[in-house]
*Asks:* 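The structure that follows is given in the form of structure tokens.
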Amino acid sequence: QVQLVEYGGGLVQAGGSLTLSCVASKSAVNIEDMGWYRQAPGRQREFVAQVMHGDYANYGDSVKGRFTASVDMVKNAIYLQMNNLKPEDTAVYLCFARATPYGQRLYSDYWGQGTQVTVSS
């Protein structure tokens, strides 16, 4: 099975920057998409960023111009560079991947456990 592990969450001041990382296990022999969602208390899960086929990137409206997602297909990793952070960005950030694991023909969706990002005023 494919496993995702996130790194880089923490506490930052408004206007600061933070970088998140997500690494998929080596059993993910082919990753179709990787990206990020976030979930804040009392809110539904929100789309943040996605890199499709290691190339084209999409962003949620609330983070456009501030967040940048990039992938490293050699490392099976995605990164999220977050700049000009706002208190409204406070949430648990969840990594996802659509990947084909070793020993299977078709892709499935996988999720990381999440990493907390807290932005203080």
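We count residues from 1, following the sequence as given.
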*Asks:* Give the C-alpha distance, both sets of side-chain angles, the deciding distance and a yes or no for side chain to side chain contact (heavy atoms under 4.5 Å, CB included) between Gln50 and Tyr56.
*Replies:* CA-CA 8 Å; Gln50 177 186 32; Tyr56 183 72; over 6 Å; no
*Asks:* Counting distance only, does the side-chain N/O of Tyr59 pair as donor-acceptor with the main-chain N or O of Ala69 below 3.5 Å?
*Replies:* yes
*Asks:* Side-chain heavy atoms nearer than 4.5 Å, only ILVMFWY residues, links allowed to pass through others: does that put Leu80 and Val23 together?
*Replies:* no
*Asks:* Taking the six-membered ring for Trp, are Phe96 and Tyr37 ring centroids under 6.0 Å apart?
*Replies:*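 They qualify: ring centres under 6.0 Å apart.
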*Asks:* Can you hop from Leu94 to Val63 via hydrophobic side chains spaced under 4.5 Å?
*Replies:*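 Looking at the clustering, Val63 is in a separate group from Leu94.
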*Asks:* Would you name the heavy atoms of Ala24 and Val2 that are closest together and state the gap between them?
*Replies:*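 Shortest heavy-atom separation between Ala24 and Val2 comes out as CB-CG1, 4.4 Å.
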*Asks:* Taking a hydrophobic cluster as the set of Ile, Leu, Val, Met, Phe, Trp and Tyr residues connected by side-chain heavy atoms closer than 4.5 Å, whether directly or through intermediates, do Val12 and Leu20 fall within one such cluster?
*Replies:* yes
*Asks:* Assess the residue pair Arg105 and Thr100 against the criterion (side chain to side chain contact (heavy atoms under 4.5 Å, CB included)); give the C-alpha distance rounded to whole Å, side-chain angles, the decisive distance to 0.1 Å, and a yes or no.
*Replies:* CA-CA 7 Å; Arg105 294 182 179 180; Thr100 302; over 6 Å; no
*Asks:* What are the two closest non-hydrogen atoms of Ala91 and Gln116, and how far apart are they?
*Replies:* O-NE2, 3.5 Å
*Asks:* If you take all heavy atoms of Cys22 and Leu4, which pair is closest and at what distance?
*Replies:*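 Where Cys22 meets Leu4 most closely, the heavy atoms are SG-CB, 3.9 Å.
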*Asks:* Are any side-chain N or O atoms of Thr118 and backbone N or O atoms of Thr90, one a donor and one an acceptor, separated by less than 3.5 Å?
*Replies:* no
*Asks:* Would you say the side chain of Val48 lies within less than 4.5 Å of the side chain of Phe67, judging by non-hydrogen atoms?
*Replies:*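 Contact flag for Phe67/Val48 side chains = yes.
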*Asks:* When clusters are formed by joining ILVMFWY residues with side-chain heavy atoms under 4.5 Å apart, either directly or through shared neighbours, do Val51 and Phe47 land in the same one?
*Replies:* no
*Asks:* Taking atom types as modelled, is there a side-chain donor on Thr19 or Gln81 under 3.5 Å from an acceptor on the other?
*Replies:* yes
*Asks:* With a cut-off of under 6.0 Å to the ring centre and 45° to the axis, is Arg45 in cation-pi contact with Trp36?
*Replies:*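 Pair Arg45/Trp36 does not count as cation-pi.
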*Asks:* Using modelled atom types and a 3.5 Å cut-off, is there a donor and acceptor pairing between side-chain atoms of Glu6 and backbone atoms of Cys95?
*Replies:*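 Side chain of Glu6 to backbone of Cys95: a pair is present.
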*Asks:* If I compare all heavy atoms of Arg98 with all of Asp109, which pair ends up nearest, and what's the gap?
*Replies:* NE-OD1, 2.7 Å
*Asks:* Taking atom types as modelled, find out whether Arg66 and Ser17 have a side-chain donor-acceptor pair closer than 3.5 angstrom.
*Replies:* no
*Asks:* Please name the pair of heavy atoms, one in Pro101 and one in Ala99, separated by the smallest distance, quoted to 0.1 Å.
*Replies:*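 Between these two residues, the closest heavy atoms are CD-O, 3.5 Å.
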*Asks:* Using a 4.5 Å cut-off on heavy atoms from C-beta on, say whether the side chain of Tyr93 contacts that of Met82.
*Replies:*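 When only atoms from C-beta onward are counted, Tyr93 and Met82 do touch, with a gap below 4.5 Å.
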*Asks:* Which distance, rounded to the nearest 0.5 Å, do you find between the OG of Ser25 and the CD of Gln1?
*Replies:*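 Separation between the atoms: 9.0 Å.
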*Asks:* Go through it in stages, so that I can follow the logic: the residues are Asp72 and Tyr79, the test is side chain to side chain contact (heavy atoms under 4.5 Å, CB included), and I'd like the CA-CA distance, side-chain angles, deciding distance and then a yes or no.
*Replies:* CA-CA 8 Å; Asp72 185 336; Tyr79 309 96; 4.0 Å; yes
*Asks:* Report whether Trp111 and Met34 are members of the same hydrophobic cluster (ILVMFWY, side-chain heavy atoms less than 4.5 Å apart, transitive linking).
*Replies:*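 Not linked; separate clusters.
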*Asks:* Any ion pair linking Lys64 and Asp61 (charged N to carboxylate O, less than 4.0 Å)?
*Replies:* yes
*Asks:* To the nearest 0.5 Å, tell me how far Asp89 CG sits from Arg38 CZ.
*Replies:* 4.5 Å
